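Some notes on the structure that comes next.
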Amino acid sequence: METRPFGKTGFSFPILSFGGQRIVDEHNCTEAEAIEIVNAAIDRGIRYFDTAWIYSNGQAETRLGHVVKHRRKEMWIATKTWDTTRDGARRQLETSLRRLQTDYVDEWRMHNVWDFERLDQFTGKGGALEAAVRARDEGLVRHISISCHTDPQILVEALDRFPFSSALIAVSALDHFVLSLAEEFLPMANAKGVATIGMKVLGLGSLIHEVERSLRYAFGLPVSTVIVGVHSMAQLEQNLAIAESFTPLSDAERLAFFRDVIPLVRPEKMPWKAADWDNPTEWAPRNRGRR
Ligand SMILES: NC(=O)c1ccc[n+]([C@@H]2O[C@H](COP(=O)([O-])OP(=O)(O)OC[C@H]3O[C@@H](n4cnc5c(N)ncnc54)[C@H](OP(=O)(O)O)[C@@H]3O)[C@@H](O)[C@H]2O)c1
């Protein structure tokens with residue numbers, strides 16, 4: 001599999017990485033299956049594993065932890081804080097470390113910064129970023145990261161406030177058409193040496209009839225790596241096969257892909273860009289929450 005440098009960290013990862021949200025009962029994945037999938041991913045060369053404190057009440061982290069316990073040195077672990085406060089985030093980090101059965105994480109992310117108010121909360125006085133800097137000084141966290149689906153300008157502003165090592169961003173082909181993080185944020189991130197991780201590549205399920213073109217499209221972007229959430233060996237195998245034989249879409253193929261998926265560019269197919277995730281009938285206004 002092609003590997004790419006991960007920002008300024010000195011590490012490189014294969015283009016396909018592991019989205020750890022789905023290895024849970026909620027997605028019909030048993031604990032035994034979860035352990036088998038994660039072990040198989042490592043055996044096949046995947047090194048980057050994304051998870052979060054909030055996923056399935058801790059089951060996602062706990063299951064990853066069953067493998068981390070035995071194979072820590074082969075894994076880059078990224079987890080996240082949902083809590084925007086310094087003290088709350090610290091408690092979440094301590095819980096994450098316990099569940100993951102490790103004494104440090106490679107990357108700790110400010111999770112899902114959907115508007116400027118949330119960015120202010122994370123980065124302001126008494127915010128989670130203070131906990132992150134302290135945890136990095138203590139060696140509990142190696143790199144500080146941020147994630148965003150909604151508006152590239154939030155991340156542009158975030159990088160002005162703090163030198164985040166990496167950013168996890170939504171980069172599906174559908175995202176190309178609405179407040180595109182790939183168009184408006186990737187060039188700046190790359191110029192600054194900020195690592196970038198692509199997500200929402202299968203549009204949270206909206207593009208599962210287009211697995212091959214969706215993955216080839218995302219791998220063809222100038223991102224450091226791409227996480228895809230999987231809950232079965234079959235999904236992992238299919239995604240690995242596409243990554244291992246990856247060639248970028250040609251210009252003509254990319255245009256044809258856009259033409260085929262453009263009818264899906266609707267709030268209800270892209271709830272992460274909608275004004276209301278639970279009732280996605282209209283787009284979120286640009287720069288929501290900006291004062
Ligand atoms: N803000 C954040 O930081 C944030 C938010 C959400 C997720 N994430 C991370 O991103 C990862 C990726 O999730 P995502 O939300 O971006 O979703 P996604 O990757 O766009 O879609 C993942 C879903 O696609 C389906 N899938 C995967 N491989 C497949 C295949 N080969 N064939 C058919 N279907 C396939 C699975 O759906 P089914 O399970 O329905 O089969 C899987 O759950 C998550 O695991 C998580 O680690 C981060």
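Note that the structure is predicted; figures quoted are calculated from it, not measured. Just the heavy atoms: all of them, side chains too, but no hydrogens, waters or symmetry mates, feed the values below. Whatever order the structure lists them in is the order used to number ligands and atoms, beginning at 1.
Counting only heavy atoms of the protein, atom 30 (C) of ligand 1 lies nearest to Gln238 OE1, 3.4 Å. The protein atom (non-hydrogen) at minimum distance from atom 10 (O) of ligand 1 is Ile227 CD1, 3.2 Å. Counting only heavy atoms of the protein, atom 24 (O) of ligand 1 lies nearest to Leu202 CD1, 3.6 Å. Among all protein heavy atoms, the one lying closest to atom 12 (C) of ligand 1 is Gly229 N, 3.4 Å. Looking only at heavy atoms of the protein, atom 36 (C) of ligand 1 is closest to Gln235 NE2, 3.5 Å. Protein heavy atom in closest approach to atom 25 (C) of ligand 1: Ile208 CG2, 3.7 Å. Closest to atom 3 (O) of ligand 1, if we only count protein heavy atoms, is Ser147 OG, 2.9 Å. For atom 13 (O) of ligand 1, the closest non-hydrogen atom of the protein is Arg22 NH2, 3.7 Å.
Set against the non-hydrogen atoms of Gly19, the atoms of ligand 1 under 4.0 Å away are 11 (C), 44 (C), 45 (O), 47 (O). With ligand atoms numbered from 1 in the order given, ligand 1 contributes 3 (O), 48 (C) to contacts under 4.0 Å with heavy atoms of Lys80. In the vicinity of Asp50, heavy-atom distances shorter than 4.0 Å reach the ligand 1 atoms 9 (C), 46 (C), 47 (O). Residue contact check: His231 has heavy atoms under 4.0 Å from atoms 38 (P), 39 (O), 41 (O) of ligand 1. Interface atoms of ligand 1 facing Gln21, defined by a heavy-atom separation under 4.0 Å, are 6 (C), 7 (C), 8 (N), 44 (C), 45 (O), 46 (C), 47 (O). Close approach to Asn239 involves these atoms of ligand 1, each under 4.0 Å from a residue heavy atom: 28 (N), 30 (C), 31 (N). Listed by atom number, the atoms of ligand 1 under 4.0 Å from Gly20 heavy atoms are 45 (O), 47 (O).
Residue Trp272 holds its CH2 atom at 5.5 Å from CG of Leu174, rounded to the nearest 0.5 Å.
A side-chain donor from one of Asn39 and Arg71 sits under 3.5 Å from a side-chain acceptor of the other.
Within the 4.0 Å heavy-atom criterion, the part of Val201 lying near ligand 1 is the backbone and not the side chain. Heavy atoms of Leu168 found under 4.0 angstrom from ligand 1 belong exclusively to the side chain. Proximity of His149 to ligand 1, defined as any heavy-atom pair under 4.0 Å, is confined to the side chain (atoms from C-beta onward). Under 4.0 angstrom from ligand 1, the non-hydrogen atoms of Met199 come from both its backbone and its side chain.
Salt bridge annotation for Arg161-Glu157: present, with a cationic side-chain nitrogen under 4.0 angstrom from a carboxylate oxygen. A salt bridge is absent between Asp103 and Arg72: the closest approach of a Lys/Arg side-chain nitrogen to an acidic carboxylate oxygen does not fall below 4.0 angstrom. For the pair Asp50 and Lys80, the salt-bridge criterion is met [side-chain N within less than 4.0 Å of a carboxylate O]. Residues Glu94 and Arg90 are paired through a salt bridge, judged by an N-O separation under 4.0 Å between the basic side chain and the carboxylate. Salt bridge status for Lys125 with Glu130: absent, with no side-chain N to carboxylate O gap under 4.0 Å.
In the candidate list His111, Glu237, Lys200, His111 is nearest to atom 2 (C) of ligand 1, counting heavy atoms. Counting heavy atoms only, Tyr55 comes closest to atom 46 (C) of ligand 1 of the residues Phe49, Trp272, Tyr55, Trp82.
Checked against a 3.5 angstrom limit, the closest N/O atoms of Val228 and ligand 1 fall outside it. The shortest N/O to N/O separation between Val211 and ligand 1 does not fall below 3.5 Å.
For Thr84, there are no side-chain hydrogen bond (donor to acceptor under 3.5 Å, both in side chains) partners at least two apart in sequence or on another chain.
The shell of residues lying under 4.0 angstrom from ligand 1, judged by heavy atoms, excludes Phe18.
Looking only at distances, no side-chain donor or acceptor of Lys8 sits under 3.5 Å from a matching main-chain atom of Ser165. A donor-acceptor pair under 3.5 Å is absent between the side-chain atoms of Arg254 and the main chain of Tyr217, judged by distance alone. The backbone N or O of Ser12 lies less than 3.5 Å from no partner atom in the side chain of Arg4, so there is not a single donor-acceptor pair.
Taking Ile, Leu, Val, Met, Phe, Trp and Tyr as members and joining any whose side-chain heavy atoms lie under 4.5 Å apart, directly or through other members, the hydrophobic cluster of Trp53 also contains Ile54, Tyr55, Trp82, Trp114.
Of the candidates Phe49, Phe6, Tyr104, Phe6 is the only one forming a ring pair (Phe, Tyr, Trp, His ring centres under 6.0 Å) with Trp76.
Ring centroid separation for the pair Tyr48 and Phe11 does not come in under the 6.0 Å cut-off.
Val24 places none of its side-chain heavy atoms less than 4.5 Å from the side chain of Cys29.
Taking a distance limit of 4.0 Å, we find that atom 39 (O) of ligand 1 is approached by some protein heavy atom.
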